[in-house]
Amino acid sequence: MIKERIKELLDQYFTAGVDQGLWTNAAAGSYTVELPKHASHGDFSTNMAMLIARREKKNPREVASLLAEKMGGDGDLFDKVEIAGPGFVNFFVRDAVWQSVVQSVCEQGYGYGLSQIGRQKKVLVEFVSANPTGPLSIGHGRQAVLGDAIARLLEATGHVVMREYYYNDAGRQMRVLGESTRARYLELLELSGEFPEEGYQGEYIYDIARKLVAEKGDSLKDADDVTPFKETAEKEIFADIVETLQRLDIKFDNYYNEHSLYEKGLVDDVVARLRDKGLAYDHDGAVWFKTTELGQEQDRVIIKSTGEPTYRLPDIAYHREKLKRGFDWLVNIFGSDHIATVPDVLAGLRALGYDDTKVTVVIHQFVTLTREGKQVKMSTRKANFVTVDELFDEVGPDVIRFFFLMRKADSQLEFDLDLATKESQENPVFYVQYANARLSSIQKKAKEKNIARGPLQDVSLKKLTLAEELNMLKALASYPELVESSALDLSPHRIIFFLMDLAGQFHSYYNSHLVISDEPELTQARLWLAEALRIVFHNGLRVVGLSAPESM
RNA sequence: GCGCCCGUAGCUCAGCUGGAUAGAGCGCCGGACUUCGAAUCCGUAGGCCGCAGGUUCGAAUCCUGCCGGGCGCGCCA
């Protein structure tokens, strides 16, 4: 908000300069206001003078001094405005401005950091979307947490969000699942049965088969149809998946079944429309999508010669349907192994006359597990992959969530089990939560001592003069903008880094300064500062779905 | 071979639309509890930001080419 005010001022002086003929409009909108790394460069800094100078062929430091002179007059905001280096204008904000942040935070409370920049834009966040063929793997776990945190950030910034899980219970995968289950069922009955070539070998298939034996005895032993096996397996597995997600505090608003696209004729309609536009043709008994016409290397099959569609056809229909459902923005969270599907879907949307810039795909890289410094081997095919549930056996939901959010989606993520299972010391999850607990505890302590926080307007916040205090206030002030940028860039990891940094500042401060001291005025100011910190820790933790415990 | 992602301290990773002397956690070593919670803190060490060019007043960040790693490249999803 303080940054916003400086931007406004800069714009104002920029246009004033244009009016006075000092420079032209050429540099409009290109300059930035940033936070310098070094305190000697002030609280904010702008490169405006250098950009003007370049376009006007003027001396940057001369332009800077003109600006500094104009801006420096604002005694409410600034202590001083300096020019430095090649032509930076550095702003030194008055302490009182920072101190007033306590008031903003405490007045807004749990609403601090929420905004309306999303303007009620309707966003559909699609994630997980794993077919119910087995328990959620650790890769799904990352995706689940990432998608949910993004959804929460979008909600916090005034978007209307729907979380959707897209699945297909009618394809080849599911048939193989049914066959695998039947094979295990027969095996349990000590009857002969061939285990399918690419079958699902996980232990969970036995569990389902055992359940079938218990409920149905051997009545299914001669069934030709795998449907009862498939249906039972699907039901059981889906229930497990939903439960796993619930443990992570993730709830979907909608489960979208691919099958319904066929029932509504939406898949056929896509083919018909592509044919109309001359973008689909028959060849070798299959139907092809002429993606070369849309800038791709090769055409793609959308209906196999067997008459079955390939995955990309329903995918296109699905995305088109999402836009038709009225969403302004489609956010998809995919694992990097699905990266190849993206261009086809976008091409399909464009071909059908839809705006594919409404689709943003977040591709996240893989997760590796390490224990005692060594990588834990995972192989999906052989079913000895680590599941989210197994992770739960070792760590709680907050640890899982935090670790999955600690890296940006683009980076591969190493999940260090040794670090994650430590209940103390190095574990960054507890480090942050401990800060929140400590802050809560300070307030309790004050109550015990019968020290109530007085009315905010009577508190002399100007007592908060320590460098540590001002730095924390600056961090608090930057929080709302952080939420906005994290949301719009779909980057929840920035919230995590912010929290770790703020926790570090606070723990350090706590160890060298008393909040509750024998100076009443100072105690009041610091109690309110502590309250502001507690609120921001709470809001920051909650906005990405982490809990904010008052004690631990 | 082609496409996408990554390459920053011993390890794991931040670094926002290019900005002024490159950061954190872990690990190592040495310290701090008669004070609001020691799940904490303080101190030291550690870097040709993969390599080479280019654009720019200014590059870890943008462009090109190499090198190394991951994921894809199917009438599988």
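Side chains included, hydrogens not; waters and symmetry mates left out as well; all remaining heavy atoms used. These numbers were taken from a predicted model, which means no experiment stands behind them. Per chain, numbering begins at 1; letters A, B, ... match sequence-line order.
In this structure a side-chain-to-backbone donor-acceptor pair under 3.5 Å is present from A/His140 to A/Ser137. For A/Asn90 (side chain) and A/Glu82 (main-chain N/O), no donor-acceptor pair under 3.5 Å exists by modelled atom type.
Within the 4.0 angstrom heavy-atom criterion, no nucleotide atom of any strand lies near A/Met406. Contacts of A/Phe88 with the nucleic acid, taken as non-hydrogen atoms under 4.0 Å apart, include base atoms. Within 4.0 Å of A/Ala435, counting heavy atoms only, lies no atom of the nucleic acid at all. No engagement by A/Asp315 is indicated, since no non-hydrogen atom pair under 4.0 Å with the nucleic acid exists. Residue A/Ser411 is in sugar-phosphate contact alone, with no base atom involved, counting any heavy-atom pair closer than 4.0 Å across all strands shown. Counting non-hydrogen atoms under 4.0 angstrom, A/His507 reaches the backbone sugars and phosphates but no base. Using a 4.0 Å heavy-atom distance criterion, A/Ala53 is classed as making no nucleic acid contact. Contacts of A/Ser40 with the nucleic acid, taken as non-hydrogen atoms under 4.0 Å apart, include base atoms. Within the nucleic acid shown, A/His513 comes within 4.0 Å of at least one base atom, counting heavy atoms only. Using a 4.0 Å heavy-atom cutoff across all strands shown, A/Asp344 reaches no nucleic acid atom at all. Contacts of A/Arg54 with the nucleic acid, taken as non-hydrogen atoms under 4.0 Å apart, include base atoms. Within the 4.0 angstrom heavy-atom criterion, no nucleotide atom of any strand lies near A/Glu481. If you check every strand for non-hydrogen atoms under 4.0 Å, A/His493 touches sugar and phosphate atoms only. In this structure, A/Lys449 reaches neither bases nor backbone, as no heavy-atom distance under 4.0 Å exists between it and the strands shown.
Residue A/His283 places no side-chain N or O under 4.0 Å from the OP1 or OP2 atom of B/C75. Not one side-chain nitrogen or oxygen of A/Lys37 sits closer than 4.0 Å to the OP1 or OP2 atom of B/G23. At the phosphate of B/G37, neither OP1 nor OP2 sits under 4.0 Å from any side-chain N or O atom of A/Ser551. OP1 or OP2 of B/G37 has at least one side-chain nitrogen or oxygen of A/Ser441 nearer than 4.0 Å. The phosphate of B/G74 has neither OP1 nor OP2 within less than 4.0 Å of any side-chain N or O from A/Arg300. Contact annotation: A/Lys445 does not reach the phosphate of B/U35 (side-chain N/O to OP1 or OP2, under 4.0 Å). Residue A/Tyr510 places no side-chain N or O under 4.0 Å from the OP1 or OP2 atom of B/C42. Phosphate proximity of B/A20 to A/Ser45: absent, as no side-chain N or O sits under 4.0 Å from OP1 or OP2. In this structure, A/Lys304 reaches the B/C76 phosphate: one of its side-chain N or O atoms is under 4.0 Å from OP1 or OP2.
With both ends at atom C1', the span from B/C29 to B/U35 equals 29 Å, rounded to whole Å. Distance noted for atom C1' between B/G72 and B/A77: 13 Å (whole Å).
Contact annotation: side chain of A/Ser508 to base of B/C41, donor-acceptor pair absent below 3.5 Å. No hydrogens or angles were tested; on distance alone, nothing pairs the side chain of A/Tyr434 with the base of B/A39 as donor and acceptor under 3.5 Å. For A/Asn90 against B/A20, a side-chain-to-base donor-acceptor contact under 3.5 Å is present. Evaluation of atom-type donor-acceptor distances gives a pair under 3.5 Å for the side chain of A/Asn47 against the base of B/G19.
Atom pair A/Asn59:CG and B/C57:P shows a separation of 14 Å (rounding to whole Å applied).
Partner of A/Arg526 under the salt bridge (charged side-chain N to carboxylate O under 4.0 Å, His left out) criterion, chosen from A/Glu521, A/Glu469, A/Glu531, A/Glu468: A/Glu469.
With respect to the salt-bridge test (charged N to carboxylate O, under 4.0 angstrom), the residues A/Asp418 and A/Arg371 do not qualify. A salt bridge is absent between A/Lys290 and A/Asp299: the closest approach of a Lys/Arg side-chain nitrogen to an acidic carboxylate oxygen does not fall below 4.0 angstrom. Between A/Lys445 and A/Glu448, at least one side-chain N (NZ, or NE/NH1/NH2) sits under 4.0 Å from a carboxylate O, which counts as a salt bridge.
Take the nearest nucleotide of RNA chain B for A/Asp410 and for A/Glu297: the residue whose nucleotide is more 5' is A/Glu297.
Using a 4.5 Å heavy-atom threshold, the side chains of A/Tyr31 and A/Met50 count as separate.
Distance from the side chain of A/Asn511 is smallest for B/U40 among the nucleotides B/U35, B/G37, B/U40. Closest to the A/Leu514 side chain, of the nucleotides B/A39, B/C36, B/C76, is B/C36.
For the pair A/His338 and B/A77, the ring geometry does not qualify as stacking, because the centroid separation below 5.5 Å and plane angle under 30° are not jointly satisfied.
Between A/Phe334 and A/His338, the ring planes lie tilted relative to each other; the angle falls in the 30° to 60° range.
Stem list for RNA chain B (at least 3 consecutive Watson-Crick or G-U pairs, distances under 3.5 Å): B:1-7 with B:67-73, B:10-13 with B:23-26, B:29-32 with B:40-43, B:50-54 with B:62-66.
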Step by step, work out the side chain to side chain contact (heavy atoms under 4.5 Å, CB included) result for A/Phe92 and A/Val81. CA-CA 6 Å; A/Phe92 294 78; A/Val81 178; over 6 Å; no
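Taking CZ of A/Phe289 as the start and OG1 of A/Thr310 as the end, the distance is 10.5 Å to the nearest 0.5 Å.
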